[in-house]
Amino acid sequence: MAKSKQAQEFPIEVEGEAYVWRLQRQPAWSSDVAGWRGKALAVRHVEGKREAVLEFPPGRQPRYGAPQLQASNIPVDVVARAIASAIAAGWAPFSRGKTVTFSVDETGA
């Protein structure tokens, strides 16, 4: 039987509201954009339904054999800043609809 790889969610509080986030995509090579794509975090409000995907720039290409990025190694302040940036850009966590994608810089702004 194959093991199910469940993504670990991490709680975070931004502007007094409770959210959960998870690492959705590792930085990796993409033939779609003919280059490296950065990590992506999926975020949702604890009581909300609409999810947001926060895409970060690719950064440096990892060396061969380097360990994969772990979600626990992502700074919490960067995640909080990225969530605040998505809200400022128009993400409404309590609205209905498809997942929305926001591009942020490496600091989350």
Side-chain angles (χ1 to χ4, degrees):
M1 193 182 323
K3 286 186 177 180
S4 173
K5 197 172 188 181
Q6 184 68 20
Q8 185 178 7
E9 290 189 334
F10 298 90
I12 189 167
E13 188 170 314
V14 178
E15 298 174 2
E17 296 288 331
Y19 295 88
V20 291
W21 67 275
R22 70 181 188 284
L23 181 63
Q24 183 177 10
R25 182 183 69 224
Q26 293 276 343
W29 175 262
S30 173
S31 60
D32 293 343
V33 293
W36 280 93
R37 294 176 76 183
K39 66 182 174 262
L41 306 179
V43 180
R44 66 177 172 80
H45 193 279
V46 172
E47 298 171 2
K49 296 181 181 182
R50 192 169 199 183
E51 196 170 66
V53 174
L54 309 173
E55 291 186 337
F56 288 80
R60 290 185 326 148
Q61 182 177 349
R63 293 182 174 258
Y64 180 75
Q68 285 194 335
L69 173 68
Q70 299 295 317
S72 58
N73 294 342
I74 300 172
V76 176
D77 61 328
V78 171
V79 177
R81 204 172 305 119
I83 293 171
S85 295
I87 292 169
W91 175 47
F94 294 105
S95 66
R96 294 178 14 186
K98 294 180 180 181
T99 300
V100 291
T101 303
F102 296 95
S103 294
V104 295
D105 64 12
E106 62 276 349
T107 65

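Positions are given from 1, in the same order as the sequence printed here.
Hydrophobic cluster membership differs between Ile12 and Val20, with clusters built from Ile, Leu, Val, Met, Phe, Trp and Tyr side chains linked at under 4.5 angstrom. Note on Trp21 and Val46: separate hydrophobic clusters, where clusters join Ile, Leu, Val, Met, Phe, Trp and Tyr whose side-chain heavy atoms are under 4.5 Å apart, directly or indirectly.
Within the structure, every pair that satisfies the side-chain hydrogen bond (donor to acceptor under 3.5 Å, both in side chains) test and touches residues 82-99, not counting sequence neighbours, is listed here: Arg50-Ser95.
The line from CG of Leu54 to CZ of Arg25 is 11.0 Å long, rounded to the nearest 0.5 Å. For the atom pair CD of Glu55 and CD of Gln24, the computed distance is 8.5 Å after rounding to the nearest 0.5 Å.
When all heavy atoms of Pro57 and Val104 are compared, the pair lying nearest together is CD-O, 3.1 Å. Counting all heavy atoms, side chain and backbone alike, Val53 lies closest to Ala40 at CG1-CB, 4.0 Å. In terms of heavy atoms, Val43 sits closest to Glu51 at O-CG, 3.2 Å.
Taking 4.5 Å as the limit, some side-chain heavy atom of Tyr19 sits within range of a side-chain heavy atom of Ile87. Taking 4.5 Å as the limit, some side-chain heavy atom of Leu41 sits within range of a side-chain heavy atom of Leu23. Contact annotation: the side chain of Glu17 never approaches that of Ile83 to less than 4.5 Å [non-hydrogen atoms, C-beta and beyond]. Side-chain contact check for Val78 versus Phe56: some heavy-atom pair is nearer than 4.5 Å.
The side chain to side chain contact (heavy atoms under 4.5 Å, CB included) check on Glu47 picks up His45, Phe94, with sequence neighbours excluded.
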